[in-house]
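Notes for the one structure printed next.
Both backbone and side-chain heavy atoms feed into the values below; hydrogens, waters and symmetry mates do not. Letters A, B, ... mirror the listed sequences (proteins, then strands); counts begin at 1.
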Amino acid sequence: MSSDQRSTKGTIVTGVIGDDVHVIGIRLMEYALKQNGFAVVSLGPLAQQKEFIDAAIESAADALFVSSLNGHAELHIPGLRDACVEAGIGDILIYAGGQLTIRRPDWEQVRKRFVDELGLDRIYPPDVNPDTPIHDLESDIGARRAGKSRKETA
Amino acid sequence: MSSDQRSTKGTIVTGVIGDDVHVIGIRLMEYALKQNGFAVVSLGPLAQQKEFIDAAIESAADALFVSSLNGHAELHIPGLRDACVEAGIGDILIYAGGQLTIRRPDWEQVRKRFVDELGLDRIYPPDVNPDTPIHDLESDIGARRAGKSRKETA
Amino acid sequence: MNEIIRPRGATPPLSAQRWDDSRFDEERAKILATWKTGADVDLNDAAAFHRSRAALTNVARKRGWAKQTGNVLLQPYGGVTTLAGQTELIRHVATEGGADIVPTTIDSQTRNLKYAAAEEALRASERQGAELLNGFPIVNHGVASTRQLVQAVDVPVEMRIGTVFPQLAVEVGFAGGMSSVTAGPIYYTAHYSRDTSLPETIANWQYVFRLIGRYAELGVPIGLQIHGIGTSTPFPNTLLGACCVLETLIAAAQGARSFSLDARLMGNMVQDVAGVRAIREVAEDYVCGRFGYRDAVITIDRKSWSGRYPEDMARAYGIVCYNAMSGMLAGANEFIANSVQEGVGIPLKESNADTLKAIRQVVGMMKGQRAGLQAEPVENEIRLMKLEMNAILDAVLELGEGDPARATELGFRHGLIDIPFAASRHCKNEVMVARDAEGAVRYLDAGRIPVPPEVLKYHRACLERRETGRRRKIDYQTIVDDIFSISRGCLVND
Amino acid sequence: MNEIIRPRGATPPLSAQRWDDSRFDEERAKILATWKTGADVDLNDAAAFHRSRAALTNVARKRGWAKQTGNVLLQPYGGVTTLAGQTELIRHVATEGGADIVPTTIDSQTRNLKYAAAEEALRASERQGAELLNGFPIVNHGVASTRQLVQAVDVPVEMRIGTVFPQLAVEVGFAGGMSSVTAGPIYYTAHYSRDTSLPETIANWQYVFRLIGRYAELGVPIGLQIHGIGTSTPFPNTLLGACCVLETLIAAAQGARSFSLDARLMGNMVQDVAGVRAIREVAEDYVCGRFGYRDAVITIDRKSWSGRYPEDMARAYGIVCYNAMSGMLAGANEFIANSVQEGVGIPLKESNADTLKAIRQVVGMMKGQRAGLQAEPVENEIRLMKLEMNAILDAVLELGEGDPARATELGFRHGLIDIPFAASRHCKNEVMVARDAEGAVRYLDAGRIPVPPEVLKYHRACLERRETGRRRKIDYQTIVDDIFSISRGCLVND
Ligand code: B12
Ligand code: B12
């Protein structure tokens with residue numbers, strides 16, 4: 001990780017996954033990320049898992065911001081964590097947001113599926129204010145860097 | 001019963017019972033009754049049980065048309081049949097309509113209460129077309145007169 | 001303490017003049033003695049209670065504030081039997097529905113002074129955990145319970161009571177902290193009673209207006225929502241507006257100063273928008289101008305369609321939202337909102353809240369969009385409506401030699417004010433109205449109402465256009481069709 | 001038969017000219033070979049099937065009939081995975097909701113040619129009794145199942161598919177008896193794809209338009225619902241209208257003749273009413289007039305707000321009914337209705353039906369009430385909108401030397417047509433819009449769009465009034481606020 005990137009708060013790869021074109025939400029998210037001092041690598045709509053991973057490796061990203069609204073998250077998000085592991089970036093933060101399900105099952109159920117089973121770090125409901133994930137991101141990145149530095153200096 | 005009245009299809013006492021002022025529906029009903037050849041004695045809103053009975057005796061009426069919309073039918077209709085019996089017109093037809101309950105319980109339950117328990121002959125839900133009770137009335141009166149004539153000639 | 005006693009003073013001749021104190025005090029003693037809870041009513045204590053509460057828990061103040069700041073107020077209908085039920089209801093519509101003013105509708109046993117019967121139903125309701133009355137029997141609940149109720153929310157409470165005998169219920173309501181009541185003598189004579197005469201109802205309501213005057217003297221403003229007149233069938237907003245002015249003048253003479261006047265949705269957008277604006281202008285002219293009550297605060301509420309509703313809630317949303325739009329285009333200050341369960345029965349609190357949310361959405365989207373309807377047809381309708389209201393008011397005030405109370409009584413007696421489908425025997429029932437081809441309400445027969453020839457000619461022409469269009473005369477069946485049209489999904493059912 | 005094959009001919013240069021038969025037939029053979037169900041598509045058999053059905057089960061005929069008789073049509077959105085589910089859905093909205101045209105929305109795997117993945121999800125859905133896709137995978141269902149579907153109702157079915165690769169799905173849909181499809185190349189390039197170029201999308205859709213031409217030659221009229229362009233955020237209906245005209249011209253050149261053009265609700269009533277009327281007039285001028293397609297039947301549908309919705313259904317009713325009113329005032333021919341569960345997820349069929357009932361109530365109440373909004377502000381807005389649409393169309397048609405297909409491509413390439421928040425890389429994204437104080441949509445930055453100076457000046461003045469009013473510049477945060485305002489309950493959130 002270059003010291004250059006350390007001076008920003010972190011680098012985030014953003015995109016709308018799979019066969020999904022709902023791009024407005026992630027555009028707003030990108031704007032908020034930049035406003036808050038993050039570097040953003042934007043994939044836009046219809047982004048495939050491989051594109052996320054390639055971009056993350058290339059930019060040494062801290063996190064993936066995966067958006068999905070069209071109800072097909074269940075078709076396109078499974079396997080993403082494993083593919084990251086395989087590509088050697090297994091511990092990258094993965095957040096997802098938008099509208100992750102068709103209709104609205106109980107949120108705890110959704111969290112269980114995407115976080116516990118599919119290995120994402122955090123997921124958000126549609127009405128989330130951009131500040132919330134950004135706040136979480138800051139503390140998650142902070143914690144990891146602290147952990148890593150400890151490891152490095154140890 | 002005067003032969004004069006026999007020549008009309010029958011005489012009906014109409015009114016809105018108890019503390020109820022919803023008069024529009026019964027006015028339309030009265031109009032329809034007249035159009036169909038019935039004689040109408042109209043009590044209007046806020047009509048008490050006694051007024052119905054007095055008017056029925058005075059006009060030798062065939063039926064009472066009791067309207068109630070304001071949700072207080074349960075407070076003002078019980079006892080009406082008994083009062084008729086007491087006044088010597090126990091077999092007069094009693095129909096009720098309007099909105100006989102607060103909210104909308106199952107109609108069969110309502111029918112049971114007002115017909116089986118309280119002794120009314122027929123009741124109608126709010127959306128009834130005036131033709132339906134008038135049709136029923138014609139056949140009820142027909143049946144009774146037939147019955148009576150048989151008795152008289154017998 | 002028999003419930004059938006209908007208290008009456010040795011009635012002085014009918015006049016709008018302010019009651020002298022002795023008449024009021026004498027009457028008051030009798031009123032408060034008609035049911036046991038009257039004993040707990042104390043004016044000074046009540047005024048102190050009102051003064052102890054936050055300014056915007058008062059209806060009159062809230063309406064004044066909203067008028068100044070351009071906020072649009074929302075109020076649902078609603079009243080159930082028990083204190084627990086009513087508390088839950090107003091809490092729910094305030095917090096979930098965002099109501100700005102919450103209602104407490106009084107049951108019709110109470111409206112007809114059947115306190116003993118109401119007591120029985122109240123106790124039975126409490127025992128059974130049911131709500132057996134069609135409203136809140138406030139006299140039986142008494143002052144302390146009512147205070148508990150109004151303190152359950154931080155929005156003001158308006159008492160809703162259609163009756164020709166309002167005195168005791170209103171005493172308990174105001175002493176209990178309610179700060180407005182729906183009025184008054186014209187509407188309630190015509191539509192909520194059969195035999196009671198106008199002089200009697202006017203006197204009974206003058207009592208309420210004088211009581212409001214007393215509260216005002218003690219620093220507590222109390223509001224009135226003025227109905228005017230109406231039939232819950234298609235009906236001209238001009239007649240309604242003229243009667244609103246008369247009721248307001250009668251109330252102002254006793255000391256009331258906060259008036260929210262109804263303008264009812266009839267369905268034709270041009271006419272409904274014109275109605276709000278014309279009633280506002282005429283009322284301000286007569287009340288603040290000609291009669292000189294310069295400190296009167298007049299606001300206009302858009303009442304929703306108040307005739308038959310469809311049972312289908314989705315369709316009722318259509319009516320509710322349509323009403324909201326017409327009110328916003330007209331610049332109404334407040335919405336009095338029938339719920340989307342109006343056609344079903346007394347609404348669940350959830351339906352009440354949902355209704356308010358739908359209206360709030362429309363209000364939010366249309367705020368500041370009035371300019372859209374500065375259209376020629378609207379301006380024309382406003383001109384004709386004002387012409388007509390002025391003609392009616394001037395004619396009856398002349399009959400009454402300038403006294404609005406006598407004007408009212410004589411107006412009805414001579415048929416200058418009249419309605420179709422009246423409950424009261426004191427209405428001539430000579431007037432008949434129908435919708436024109438666009439659904440605007442027009443006089444089919446104006447009876448003896450002094451509608452100016454220009455207006456009448458216009459109405460006739462509109463109706464003839466409908467007759468020509470459908471090649472059929474407008475007859476009784478048409479009037480019936482016009483009563484049911486909205487609940488069946490359209491405005492004109494040809 | 002690999003799903004990733006994206007069939008393309010040896011693409012001839014871009015032009016709106018009618019394809020010659022050999023090009024179409026060659027292309028067609030390739031298209032029908034991309035998935036096994038293509039083998040069941042037979043044009044003559046399909047035309048015979050269409051002709052065997054009642055006239056008003058055809059979308060194009062129904063729109064023509066409604067236009068002539070003054071009936072207003074209602075169509076919901078809706079598509080689920082399984083045949084059983086979709087059959088139940090369209091039956092329900094037709095019988096319970098009274099839909100005049102029923103939709104079948106295609107899932108987004110199909111839209112992106114992922115037939116194998118769609119097959120898997122379809123089978124899993126059938127096994128689990130669930131609906132795992134966000135629409136009806138029509139290619140996997142095939143012709144016979146689609147015929148079963150369309151025969152389940154006696155109203156016509158419109159296929160709804162936002163894609164740059166429509167060919168096979170449309171082939172199956174038409175052969176299965178569907179008689180209209182949502183189009184076309186501009187909207188779907190800008191908003192439903194990232195990399196696909198305009199020439200490619202135009203060619204793919206020209207295929208569909210030519211197919212419609214073939215059906216027409218066999219006596220079967222097939223309709224198009226034309227989207228133009230849009231962003232699901234506040235967006236000028238002028239740009240939308242100009243692109244509707246281009247898409248219509250491109251389609252007409254291949255033989256299509258039935259066009260329902262979108263006019264989208266943005267929220268300001270004056271502008272929304274003006275939008276419907278201005279788009280109608282400009283479209284008729286260019287399509288029937290200047291380009292001479294005198295037999296084209298053009299109708300305007302009022303699309304509901306298509307940005308973010310509130311999750312609260314009661315509030316969504318507010319939006320839905322407001323939309324209905326604005327459409328009625330404007331004289332729209334049809335409503336394409338987002339359900340009151342739009343903000344929640346794919347709606348239950350009951351919500352779809354309820355939404356239609358609410359709209360039908362408003363439509364019924366407002367029928368014949370258009371006159372109300374012949375207001376000066378509306379006429380002014382119409383004048384400006386037409387000026388602008390003419391300017392855009394004339395400029396791009398000049399660039400394209402009169403060829404609407406080339407005009408489209410060059411228009412985008414040079415930024416004369418542009419949108420904010422585009423999904424596509426082929427949009428310049430230079431334009432930015434905001435609401436003025438009354439919520440009307442105005443250009444904040446017109447980029448290179450040839451908006452006439454008079455119009456631009458007016459827009460600037462409107463925006464400045466908002467800035468002055470709230471004493472704050474319009475910045476990015478304002479744009480964000482304007483995206484969320486309706487879902488949060490108002491139009492302007494200052
Ligand atoms: C606009 C819209 C469209 C536009 C999209 C335009 C575009 N290119 O972006 C168009 C018209 C193209 C469209 C198409 C379709 N849509 Co659509 N659409 C919507 C709509 C109305 C609003 C979405 C939106 O823009 N919201 C506003 C933005 C700002 O909010 P947001 O995306 O939620 O983002 C916020 C947060 O969630 C967060 N966020 C977003 N992503 C992420 C990611 C991370 C990591 C984090 C931390 C945060 C975050 O950031 C934002 C800040 O607040 C919704 C319904 C609704 N919600 O009201 C339907 C909806 C999403 N669409 C739907 C569907 C099914 C479709 C279609 C399949 C069919 C159709 N209806 O036409 C096609 C699919 C096309 C495809 N291939 O994907 C469904 C999804 C069903 C479900 N999930 O249950 C919805 C819910 C509508 C419905 N009720 O049926 N749609
Ligand atoms: C108009 C109206 C009023 C008007 C009445 C004007 C008048 N003088 O007639 C006013 C504003 C005065 C009023 C007052 C009140 N109302 Co009110 N009112 C209505 C409303 C909106 C329409 C009623 C109507 O006119 N329908 C049209 C007529 C033509 O239909 P109809 O009466 O049903 O009659 C038809 C048939 O039923 C049949 N029919 C009628 N009677 C009979 C009798 C017989 C024997 C037969 C065979 C047939 C028959 O003939 C007609 C032909 O089709 C209804 C809600 C709704 N239904 O939409 C509430 C409603 C009836 N009112 C209600 C209530 C509670 C009240 C009040 C207590 C409180 C309040 N909301 O202000 C007061 C009561 C006053 C009192 N003392 O009774 C409730 C009743 C609750 C319940 N039953 O569950 C309702 C349902 C509203 C609600 N959802 O809460 N109301």
In terms of heavy-atom pairs under 4.5 Å with chain C, which of His72(B), His22(B), Glu74(B), Arg27(B) leads?
His72(B)

Determine which residues belonging to residues 477-486 of chain C lie within contact range of chain B, meaning some heavy atom pair is under 4.5 Å apart, and list them by number or answer 'none'.
Val480(C), Ile483(C), Phe484(C)

Determine whether Tyr476(C) and Leu28(B) satisfy the following criterion, side-chain contact (heavy atoms from CB on, under 4.5 Å), listing intermediate values before the conclusion.
CA-CA 10 Å; Tyr476(C) 195 87; Leu28(B) 295 185; 3.6 Å; yes

Taking everything shown except Glu86(B) itself, do over 12 heavy atoms lie less than 6.0 Å from its CD?
no

Rounded at 0.5 Å granularity, tell me how far CG in Leu75(B) sits from NZ in Lys114(C).
10.5 Å

Gln341(C) portion near chain B, given a 4.5 angstrom heavy-atom threshold:
neither

Contact origin within Arg308(C) toward chain B - heavy atom pairs under 4.5 Å
side chain

Under a 4.5 Å cutoff for heavy-atom pairs, which residue among Glu311(C), Glu131(C), Arg111(C), His191(C) has the most contacts with chain B?
Glu311(C)

Using every non-hydrogen atom in the two residues, find where Pro45(B) and Ala423(C) come nearest and quote the distance to one decimal.
CG-O, 3.4 Å

Let me confirm one number: the CD-CD1 distance from Gln99(B) to Ile346(C), rounded to the nearest 0.5 Å.
9.5 Å

Residue pair Ser108(C) / Asp20(B), side-chain heavy-atom distance below 4.5 Å:
no

Does CD in Glu108(B) sit with more than 12 non-hydrogen atoms of other residues, nucleotides or ligands closer than 6.0 Å?
yes

Donor-acceptor pair, side chain of Asp19(B) and main chain of Gln109(C), under 3.5 angstrom:
yes

Residue by residue, which of residues 116-133 of chain B have a heavy atom closer than 4.5 Å to a heavy atom belonging to chain C?
Pro126(B), Asp127(B)

Looking only at heavy atoms, which two atoms of Arg104(B) and Gly343(C) are closest? And how far apart?
NH2-O, 3.1 Å

Val21(B) vs Ser193(C), side-chain contact (heavy atoms from CB on, under 4.5 Å): CA-CA, chis, key distance, verdict:
CA-CA 7 Å; Val21(B) 301; Ser193(C) 77; over 6 Å; no

Residue Ser424(C) versus chain B: region with a heavy atom under 4.5 Å
neither

Spacing of OG1 belonging to Thr81(C) relative to CD1 belonging to Ile102(B), to within rounding of 0.5 Å
6.5 Å

Please state whether the side chain, the backbone, both or neither of Pro347(C) comes within less than 4.5 Å of a heavy atom of chain B.
backbone

Taking atom CD of Glu120(C) as the centre, does the number of heavy atoms from other residues, nucleotides or ligands within less than 6.0 Å exceed 12?
no

